[in-house]
Each structure stands twice: as structure tokens, then as C-alpha cells.
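Order of the sequence lines sets the chain letters (A, B, ...), proteins ahead of strands, with each chain counted from 1. Note that the structure is predicted; figures quoted are calculated from it, not measured.
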Amino acid sequence: MKRTHKCREVTRDLIGKEISVSGWIHRRRDHGGVIFFDLRDEDGLVQVVYNPESKAMFSLAETCRNEYVIFSKGEVRERPEGTANDNLLTGQVEIIASDLEIINSSLPTPFQLDEYASVGEETRLKYRFLDLRRSEMQDNLRLRSKVSTALRSHLDKENFVEIETPLLTKATPEGARDYLVPSRTFPGQFFALPQSPQLFKQTLMASGFEKYFQFAKCFRDEDLRADRQPEFTQLDIEVSFADSEEVINLITEMIRRVFKETLSIDLGEFPKISYHEAIEKYGIDKPDLRNPLQLVEVKEIFKDCEFKVFSEPANDKDSRIAAMKVPNGKLLTRKQIDDYTDYVGTYGAKGLAYIRIDDPTKGREGLQSPIIKFIEDPILESLLSILEVKEGDIVFFGAGKNNIVNDSLAALRDLVAKDLDLLTCDWAPCWVVDFPMFEKNKNGDLTPLHHPFTAPNCSIEELIKDPLAALTDAYDVVLNGTELGGGSVRIHDKEMQQTVLNLLRISNDEAEEKFGFLISALQYGCPPHAGLAIGFDRMIMLMTGSESIRDVIAFPKTQTASCLLTEAPGEAALDQLEELHIRFHGLDKEE
RNA sequence: GGACCGGUAGUUCAGUUUGGUUAGAACGCCGCCCUGUCACGGCGGAGGUCGCGAGUUCGAGUCUCGUCCGGUCCGCCA
């Protein structure tokens, strides 16, 4: 009862041979006097024919249903004239069955597994084992495996060492909410699952592993998105004695090679853009460079404008006025523009000003806009000349606080490109570099743009004097508007590390308590080092063209971080909690 | 914490705007027929707590409130 061939191997070469195959019944076609099965195994499909000559076999075939697992023996034959199926790799031949065995039956599946049926995600996740049988999911997970193998092999050739770091570890300061695991042996104490292996990999640098990598599971207890799961995989990399240039070259080469090897895609050059330039031109630090639209800063020309909506931000140092010219924007309907206004509203924008250029030669008369009546002639003229408008263009404006203008126009830029089908190519990678060290959060406190172990490229004295002016050797690799990964040159000096932590209001004592081991390691000859981490799931999501990260993870969580297959999380038994020194207060809805 | 979309047969959906007889369709499932199909075909059939709970009403899938579940986004995610 052992198969001699895989389904996809049953081709012309085997004509006349007696072979056997095993697999799932993908589809059956019962014609009364002859029965066809499309038999499926992991990578192929072949047609098996059951004729009524052998009565026992034929009546057994009549009882078979979709997704039964069967074994069948028979002779490979060229299909009769006119019945070949060119859509099938094995479509020139068929197996004339002489034997059939049902290895396992199947209940009718809760949804159809063929490519023509559409299924809701809830049902798919509940019966994930069936969903994973579908070719789309099979292809996604197989590519995922191919890519991780290619990445490993590339790093191995470059003499990297793969080292695993603990999952039961200590909570780190800042960052995301931790997943906690109670300690049985230390009442009242908790492990945290790592948000990333950052501290361990830096420690490994101090340990003399000059090139480290790991496919690391990371955990962050924050709200989910289409591209965010509470547990996810990072390709984590760190290199001693390396500068940013070296890491960027290494990773560029690695990503290019993997795209070439697994998808036959040439990503071409990875242009470098400074953080400052990215924000100014695209409003975001992960611009989609397939999109030709750009923001233009026009703050200067509105300084003396009577129109308060523009003059106020023009005279405020934390505000900007950005214009986004959409060539041929006249194709946008009034309804679309209204929708855009609502859309930017979700980012905090108070409205969406626009000017439509019907005839650029006619000056004010050739324009359509709800706002130009508030704008003086000289200002309007210089605006139009800066933007070099043409007939049919629409210019959208964002005016207000920097972050609101940037967030809303960056989002609008994506949406308009989608609606007008403006993308100029399939793949557009880039590096975003020269990030500021810190930014101010809404409480006015400093927070690191990257993380608190990123080195500023200035002295301790300069850093203390003007922290917000400090830049870092940090770098993000961006593909099609998705942040694939990011990293930086790290701090390898104790004084600098403490200075940075102090600026973040983390005292030396607190630092000692939270990650004394790293501070300690820095004092025993820690080499300078730099590295980065790639969001592996997101990378596969891009490579497979998936809409959601869930489609490249075998057993993902829902938006509320539950698993519909296993029904995790679940309640713990009282004696388990007892052992862990935990008392549950019950669901208290008051407050 | 917030905004929005959805939940009706096993599945995907229509029906909800404007409350009114027995809640429909397609696919799937079951039965019968069919010897060349390949998303086979024909005939017949079964299958529904309209997510759940209150309320309004003579009457609720449809209106109101609450709640649960799935999704998209904002906040959050160094």
C-alpha cells in the first residue's frame, strides 16, 4: 500500500507502466458508468479513472467523497483523443485504476477547498488545518520556507553564527507592553517574553561572536493590525566592528539575492533617503517609492497671507504647509474628494483644501477651489509657479501641526495613487537613514526614535547640550512603503549608554536593575557593533502579495489576539494559579 | 480607549432603506439517473435559535439600546 509515484510525476514518461499513488480526492466526477478522481498530493494533481469492469473497486469508488485519502494502483495511459487537459501538468495522461483503497474518509468539509470558493476568515481560522490545504496557503508557507532557507544559506556563507536566545527573560524598559510569565519558584516575580533579542545579541557581541543571526520569535502585547501579530518572527542580525555602511551593503545584497533566487525578481538599486527628506517629500519615514506623488513644502509663501488656515501654520515652527500635486487629478470625482476629506480627518486633519487647475493660462479664472478666494494674487501666482501646474492637475494641501499634515498627506498619497492607479513599478526598495536620536512625545518627554541602545553620532557633551539635534547611524530598509527592517550602530560605551538612558529618565540604578548584564558587558571589552532586524513575516507578506500577515503564518491570532483553532487563551485551573502564587480577582466591570 | 464595516442554510451572499403570508439564490450535502468528464451534467430532496439579550410594536431578519464575535483603521506598537 505504498505509493510508487507522486501525482505530478505521472506524465508521458510513465505510459504503459503500472504505478500507484496516494493522496486526497480533490474532486470527483461520477458519470454513472465511469468515475474520475482528481487526486491531489502536496505538489500535484492527476486524474484517476475507475471503470465498472472491476465491480468491487467500482462500487467502492462510488462511496468516495471529496478529501478522502486513498491509495490507488493502475496503468498510466495516454488520454483518449480530445480529452487531454492542458490546464493540468499531468493532463496528457491518466491512471486506469485496477485497485482502490480508502485510507481515511472525510466528513464533508465546512467550506470548499477549491480555488473558486470564497470563505470568510473566521471560518478559515477555525478550520485552519483545512484552510492550509488550499493552494494559496500551501504556496505561501512553501515560499516562506524557501526564503528562510535562502537567508540562512546566505548568512552561513558570510560566516554568520546562528545562536538562540531565551524566550523566558526579563522585561525591558520602554517599548511595547510585555507578555508576562509567572515564576513558580519566585513568588510574585515574572518572566517577560522578549520583544526582540536586542540585549542578548549585543551581549553576544561582547562574547566575541562577531557575526550573529537568529530567526527570533518576538512578542508584543499591543493592538493588532493587518500587518501586526502579537508573536512574530524577526531575522535578527548583528556584526562586530561594522559601521552602518557595512550593514547596509550586507543586507542589500542579502535581500536582492533572496528575491532573485526565490522569485526571480531583480530589485535593482536601493537608493538612500535621509529621514528628513523622507518626511518632507512623503510625510512618512517609510515612503512607497513606486508612487510618483510628492509633497512640496510651501510654508514660506503663506507667511503674510490673510487666510488664517494657512497663515497660522506658516508662522508656527511646529507646523507645515504641504502641497501634493496630482497630475490629471481632474479624474477624481467630487464624491472621492469628499471621501478624502473624511479620510484625512481620521488622522486629525481639520479639512482638505484643494485647487483644481482647469486652465493654467487663465490665472484665477482657470482654477476651481473652495479656498482661492481667500488667497491674494501674488501668493497664488507664486504657489502655481512653484508647483508648475498643468491643465487637469489637482493640488491638495495640508496645513497644520507637522505630525498631522505628515500623517494625513502620507495616507492620502497612498490612497490617491491606488485610486488613480499611479504606481510606476512593481518593486521599489530604499534605505531611510540619518534618523534623529530622539523626538518629543506628547508629554514633552524625550523618546528614542529607534531604541535606547542606538548610538548618536556625536559626543556625550553635544548630546546633553541638544539631544533633539542629535542624529544617529540608524537605518530602515523599506520596500513598497512597508518597513522591512531597521537597525543601527549601537552604543558600546558605558558612559554613553548611561547618558542616553538618563536623558530618557532612566536612572543608573534602574538601568542596573533592568539590564545590568548589558551595562556590565560593555565594561569588559565590548567591541563596537551594528546590526538590524528584518520583519520576516512582513517580508513574506510582500513576497507573496498577501493582504494580511495572517496569510503567511500557519496559525495566526485574530485581532483580539485569540486563536480560533485552539481557542487560546483559556482559563487556568485554580491549583495551577495556586502554584504560581496568583489570585484571580474576577471580572470586575466597575470603574 | 475611539471610529467604521460585517454577523441570515454547511459555505458565500441577497433580503434591512420603506416592519406585514411559508426568509430566498448559488455552491456544497443527500437520493435517483448518466461510460469521457475535468469547477461534468439532469431530476428530486433535506437543510435556518436571521450572533446573543432586552425594548418599541397588533406584528421585528428589518426600528432602538446593550452585548459578544470577525475585520479595517486611529491611538498604541522603542
Exercise. How long is the line joining NZ of A:K126 and P of B:G7, in whole Å?
Worked result: 18 Å

For this session: Check every strand shown and say whether A:F453 touches a base, only sugar-phosphate, or nothing at a heavy-atom separation below 4.0 Å.
Result: nothing

Exercise. What residues, two or more places apart in sequence or in another chain, satisfy side-chain hydrogen bond (donor to acceptor under 3.5 Å, both in side chains) together with A:E512?
Worked result: none

Exercise. If the C1' atom of B:U18 is compared with that of B:G2, how far apart are they to the nearest Å?
Worked result: 33 Å

Output a table of nitrogen or oxygen pairs between the protein and nucleotides 69-72 of chain B separated by less than 3.5 Å.
{"unit_1": "B:C69", "atom_1": "O2'", "unit_2": "A:E122", "atom_2": "OE2", "d": "2.8"}
{"unit_1": "B:G70", "atom_1": "OP1", "unit_2": "A:T558", "atom_2": "OG1", "d": "3.1"}
{"unit_1": "B:G70", "atom_1": "OP1", "unit_2": "A:T560", "atom_2": "OG1", "d": "3.3"}
{"unit_1": "B:G70", "atom_1": "OP1", "unit_2": "A:S562", "atom_2": "OG", "d": "3.2"}
{"unit_1": "B:G70", "atom_1": "OP2", "unit_2": "A:T560", "atom_2": "OG1", "d": "2.9"}
{"unit_1": "B:G70", "atom_1": "O4'", "unit_2": "A:E122", "atom_2": "OE1", "d": "3.2"}
{"unit_1": "B:G71", "atom_1": "OP1", "unit_2": "A:Q559", "atom_2": "N", "d": "3.3"}
{"unit_1": "B:G71", "atom_1": "OP2", "unit_2": "A:Q559", "atom_2": "N", "d": "2.6"}
{"unit_1": "B:G71", "atom_1": "O3'", "unit_2": "A:R550", "atom_2": "NH2", "d": "3.2"}
{"unit_1": "B:G71", "atom_1": "N7", "unit_2": "A:Q559", "atom_2": "OE1", "d": "3.4"}
{"unit_1": "B:U72", "atom_1": "OP1", "unit_2": "A:R550", "atom_2": "NH1", "d": "3.3"}
{"unit_1": "B:U72", "atom_1": "OP1", "unit_2": "A:R550", "atom_2": "NH2", "d": "2.8"}

Problem set entry | Partner set under ring pair (Phe, Tyr, Trp, His ring centres under 6.0 Å) for A:Y212, not counting sequence neighbours | none

Exercise. Atom CG of A:N403 to atom P of B:C74: distance rounded to whole Å?
Worked result: 14 Å

Exercise. Mind checking what makes salt bridge (charged side-chain N to carboxylate O under 4.0 Å, His left out) contact with A:E78, not counting sequence neighbours?
Worked result: A:R12

For this session: Assign A:T447 to base, sugar-phosphate, or nothing according to its heavy-atom contacts below 4.0 angstrom with the strands shown.
Result: nothing

For this session: Quick one: pull up OG in A:S72 and CD1 in A:I19 and give me the separation to the nearest 0.5 Å.
Result: 9.5 Å

Problem set entry | Integer angstrom distance from the P of B:U11 to that of B:G48 | 12 Å

For this session: Could you measure between the two C1' atoms, the one in B:U35 and the one in B:G42, and give it in whole Å?
Result: 16 Å

Exercise. Using a cut-off of 4.0 Å on non-hydrogen atoms, how would the nucleic acid contact of A:P452 be classed: base, sugar-phosphate, or nothing?
Worked result: base

Seminar exercise, completed: Answer for the Watson-Crick or wobble partner of B:C40, both distances under 3.5 Å, is none

Problem set entry | Residue-level proximity of residues 467-483 of chain A to RNA chain B when a heavy atom falls under 4.0 Å | none

Seminar exercise, completed: In Watson-Crick or G-U wobble terms, with both distances under 3.5 Å, the base opposite B:G6 is B:C69

Exercise. Is the shortest side-chain N to carboxylate O distance from A:K335 to A:D338 below 4.0 Å?
Worked result: no

Seminar exercise, completed: To the nearest angstrom, the CG-C1' distance between A:L449 and B:C77 comes to 14 Å

For this session: Considering only atom C1', compute the distance from B:U64 to B:C73 and round it to an integer number of Å.
Result: 27 Å

Exercise. Can you tell me how far C1' in B:U8 sits from the matching atom in B:G70, rounded to whole Å?
Worked result: 16 Å

Exercise. If you look only at pairs with a residue in residues 21-41 of chain A, which of them pass as a ring-ring contact (aromatic ring centres under 6.0 Å, His included), with sequence neighbours excluded?
Worked result: A:H31-A:F36, A:F37-A:Y50

Exercise. Salt-bridged, A:R40 to A:D114, with N to O below 4.0 Å?
Worked result: no

Problem set entry | C1' atoms of B:A23 and B:C4, separation to the nearest Å | 28 Å

Seminar exercise, completed: Given protein heavy atoms under 4.0 Å, the one-letter contact record of nucleotides 32-45 of chain B, with B base, S sugar-phosphate only and - none, is simply --BBBBBBB-----

Exercise. For A:E115, does the CD atom have more than 12 heavy-atom neighbours from other residues, nucleotides or ligands under 6.0 Å away?
Worked result: yes

For this session: Could you please name the partner base of B:A14, counting Watson-Crick and G-U wobble pairs only when both distances are under 3.5 Å?
Result: none

Problem set entry | Separation of B:G28 C1' from A:N66 CG (nearest whole Å) | 9 Å

Exercise. Who are the side chain to side chain contact (heavy atoms under 4.5 Å, CB included) partners of A:R228, not counting sequence neighbours?
Worked result: A:R225, A:R538

For this session: Using the test ring pair (Phe, Tyr, Trp, His ring centres under 6.0 Å), find all partners of A:H276 that sit at least two apart in sequence or belong to another chain.
Result: none

Exercise. If the C1' atom of B:U62 is compared with that of B:G44, how far apart are they to the nearest Å?
Worked result: 33 Å

For this session: Write down the distance separating the P atoms in B:C27 and B:G66, rounded off to the nearest Å.
Result: 41 Å

Exercise. Which residue pairs pass the salt bridge (Lys or Arg N to Asp or Glu O under 4.0 Å) test when at least one of the two sits in residues 43-66 of chain A, sequence neighbours left out?
Worked result: A:K6-A:D43, A:R8-A:D43

Problem set entry | Which residues share a salt bridge (charged side-chain N to carboxylate O under 4.0 Å, His left out) with A:D38, sequence neighbours left out | A:R29

Problem set entry | Pairs where residues 475-495 of chain A contributes a residue and the test salt bridge (Lys or Arg N to Asp or Glu O under 4.0 Å) is met, not counting sequence neighbours | A:E238-A:R490

